[in-house]
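Quick notes on the structure that follows.
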Amino acid sequence: MPRPSPASPLLSLPGAVPAEAPDEGVAAHYGDLFREQRALADGSGFVDLSHRGVVTVTGPERLSWLHLLLTQHVSDLPPGHATEALILSAHGHIEHAVSLVDDGETTWMHTEPGNQEALIAYLESMKFFYRVEVADRTDDIALVHLPAGSIAEVPENTVVRETAHGRDLFLPRAGLESFAADHAPAIGVLALEALRVEAHRPRLGLETDHRTIPHELGWIGSAVHLEKGCYRGQETVARVHNLGKPPRRLVFLHLDGSEVHLPPHGTPVRLASEGEEGRQLGFITTSARHHELGPIALALVKRNVPVDAPLMAGTTAAAQEVVVEP
């Protein structure tokens, strides 16, 4: 069993409601989900992501070594430049997803809660004679997210990973409560998840299963560099890109707003014309309530599902938008 991250002290803030799997240890929300979403979309507040695993790699050969293991081109990664990458199996299936930045001396990565131990075990097994050191920093470093457009000041000497979706801050865990006091309002992970679904961004363990390949989720380009080789699973990536199509594709769903409950992860997706007894063509990966769009979801469906076909997620009607072309 993966070792859980330390529970966040911010769960003691007024209104905090603990999140459920896979986000245990931080707040789902602080009493007003839609208000928190609107604040996040407007560039206000921060999200406590201190449950995520934090891993560092140091040593003079860290980038050239990581370049051999990751799907992303990182051998010449400039200091402060954020990127994301995957680690694949020999058959090209996704095993790990990391968000990373290098500060000129250390490569900082964050990954899914509890996934850091398996990630470190793999990295350690591939060290050989390279001059690198891998460390689990989850116990002493807490990840915090500032939304795009935020003008909040970042504490001095903080490692920052800046993307189009906002800034990830690697903060000393001991300073998390003082950061929260200076950067209110605190916003729960459900608000961030709703914006993630709106932006069609996949997440390891939710949009992936044991046989997912990068092409199915639109991770080609953002997390997979097609002009580099020499990593495990590269043959599958190249073959599917050059000669074929992935067997499944990620779709965005607008769900029937009259339903009280959201379809949970794993809910079967079928053609609406075939009803509840029809063939299962995919499954819900993440569903959310959005402050403007209403109930929405991501789903993984078979590639040959017609892009204009009305769908059913369990008993909930769903209209699809293309994320990955069939």
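This is a predicted model, so every value here is computed, not measured. FYI, side chains are in, hydrogens and waters are out, and symmetry mates aren't considered; it's all heavy atoms of this structure.
The hydrophobic clustering, which links ILVMFWY residues whose side-chain heavy atoms are closer than 4.5 Å, places Val55 and Met126 together. Under the 4.5 Å side-chain heavy-atom criterion for Ile, Leu, Val, Met, Phe, Trp and Tyr, Tyr122 and Val54 are members of distinct hydrophobic clusters.
Ionic pairing of Glu133 and Lys127 is present here: one or more N-O contacts between side-chain nitrogen and carboxylate oxygen are shorter than 4.0 angstrom. Between Glu325 and Lys245 there is no salt bridge, since no side-chain N of the basic residue sits under 4.0 Å from a carboxylate O of the acidic one. In summary, Glu207 and Arg201 do not engage in a salt bridge, as defined by a charged side-chain N under 4.0 Å from a carboxylate O. Under the 4.0 Å criterion applied to side-chain N and carboxylate O atoms, Arg52 and Glu112 are assigned as salt-bridge partners.
At a threshold of 4.5 Å between non-hydrogen side-chain atoms, the residues Val26 and Ser50 count as touching. The side-chain heavy atoms of Asp140 and Pro172, taken from C-beta on, include no pair separated by under 4.5 Å. Contact annotation: the side chain of Pro155 approaches that of Leu171 to within less than 4.5 Å [non-hydrogen atoms, C-beta and beyond]. Put simply, the side chain of Phe170 does not reach to within 4.5 Å of the side chain of Val144, judged on heavy atoms. Counting only heavy atoms from C-beta outward, the side chains of Leu262 and Thr267 never approach each other to under 4.5 Å. Side-chain contact between Val160 and Trp108: absent, with no pair of heavy atoms (C-beta onward) separated by less than 4.5 Å. Side-chain atoms of Glu321 and His254, non-hydrogen and from C-beta on, do get closer than 4.5 Å to each other. Put simply, the side chain of Val189 reaches to within 4.5 Å of the side chain of Val47, judged on heavy atoms.
Between the side chain of His91 and the backbone N or O of His93, no donor-acceptor pair lies under 3.5 Å. Under a 3.5 Å cut-off, the side chain of His215 and the backbone N or O of Val237 do form a donor-acceptor pair. In terms of modelled atom types and a separation under 3.5 Å, the side chain of Arg303 and the main chain of Pro246 share a donor-acceptor contact. No donor-acceptor distance shorter than 3.5 angstrom exists from the side chain of Gln37 to the backbone of Leu195, with no hydrogens or angles considered.
Side chains of Thr138 and Asp136: a donor on one and an acceptor on the other come within 3.5 Å. In summary, the side chains of Glu198 and His290 do present a donor paired with an acceptor at a separation below 3.5 Å, with no hydrogens or angles considered.
For the pair Ala288 and Val197, the tightest heavy-atom approach, listed with the atom from each and the gap, is CB-CG2, 4.5 Å. Of all heavy-atom pairs spanning Ile94 and Ile213, the tightest one is CD1-C, 4.0 Å. For His200 against Pro202, the heavy-atom pair with the smallest separation is O-CD, 3.5 Å. Heavy-atom minimum distance, Ala191 versus Leu33: N-CD1, 3.8 Å. Of all heavy-atom pairs between Gly275 and Arg270, the closest is O-CD, 3.6 Å. Of all heavy-atom pairs spanning Thr285 and Leu206, the tightest one is CB-O, 3.2 Å.
We find the CD-CG distance between Glu216 and Leu250 to be 9.5 Å, quoted to the nearest 0.5 Å. Atoms CG and NE2, from Leu190 and His29 in turn, are 6.5 Å apart once rounded to the nearest 0.5 Å. Rounding to the nearest 0.5 angstrom, the gap separating the OH atom in Tyr30 from the CZ atom in Arg35 is 11.0 Å. How far CD of Glu95 is from OG of Ser89: 5.0 Å, rounded to the nearest 0.5 Å.
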Step by step, work out the side chain to side chain donor-acceptor pair (under 3.5 Å) result for Thr315 and Glu276. CA-CA 7 Å; Thr315 60; Glu276 297 179 38; 5.6 Å; no
Which is it for Thr286 and Arg196 under the side chain to side chain donor-acceptor pair (under 3.5 Å) test, yes or no, and what are the steps along the way? CA-CA 10 Å; Thr286 307; Arg196 178 183 71 81; 3.0 Å; yes
Begin from the C-alpha positions of Asp256 and Ser258 and carry the test side chain to side chain donor-acceptor pair (under 3.5 Å) through to its verdict. CA-CA 6 Å; Asp256 180 2; Ser258 65; 2.9 Å; yes
Step by step, would you call Arg161 with Asp103 a salt bridge (Lys or Arg N to Asp or Glu O under 4.0 Å)? CA-CA 10 Å; Arg161 180 179 176 273; Asp103 66 6; over 6 Å; no
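The list of side chain to side chain donor-acceptor pair (under 3.5 Å) pairs with a residue in residues 58-78, not counting sequence neighbours, reads Arg62-Asp102, Gln72-Thr83. For residues 306-317, there are no salt bridge (Lys or Arg N to Asp or Glu O under 4.0 Å) pairs, not counting sequence neighbours. Residues in residues 233-243 take part in no side chain to side chain donor-acceptor pair (under 3.5 Å) pair, two or more places apart or across chains.
A side chain to side chain contact (heavy atoms under 4.5 Å, CB included) with Thr212 is found for one member of Leu88, Leu204, Leu217 and no other, namely Leu217.
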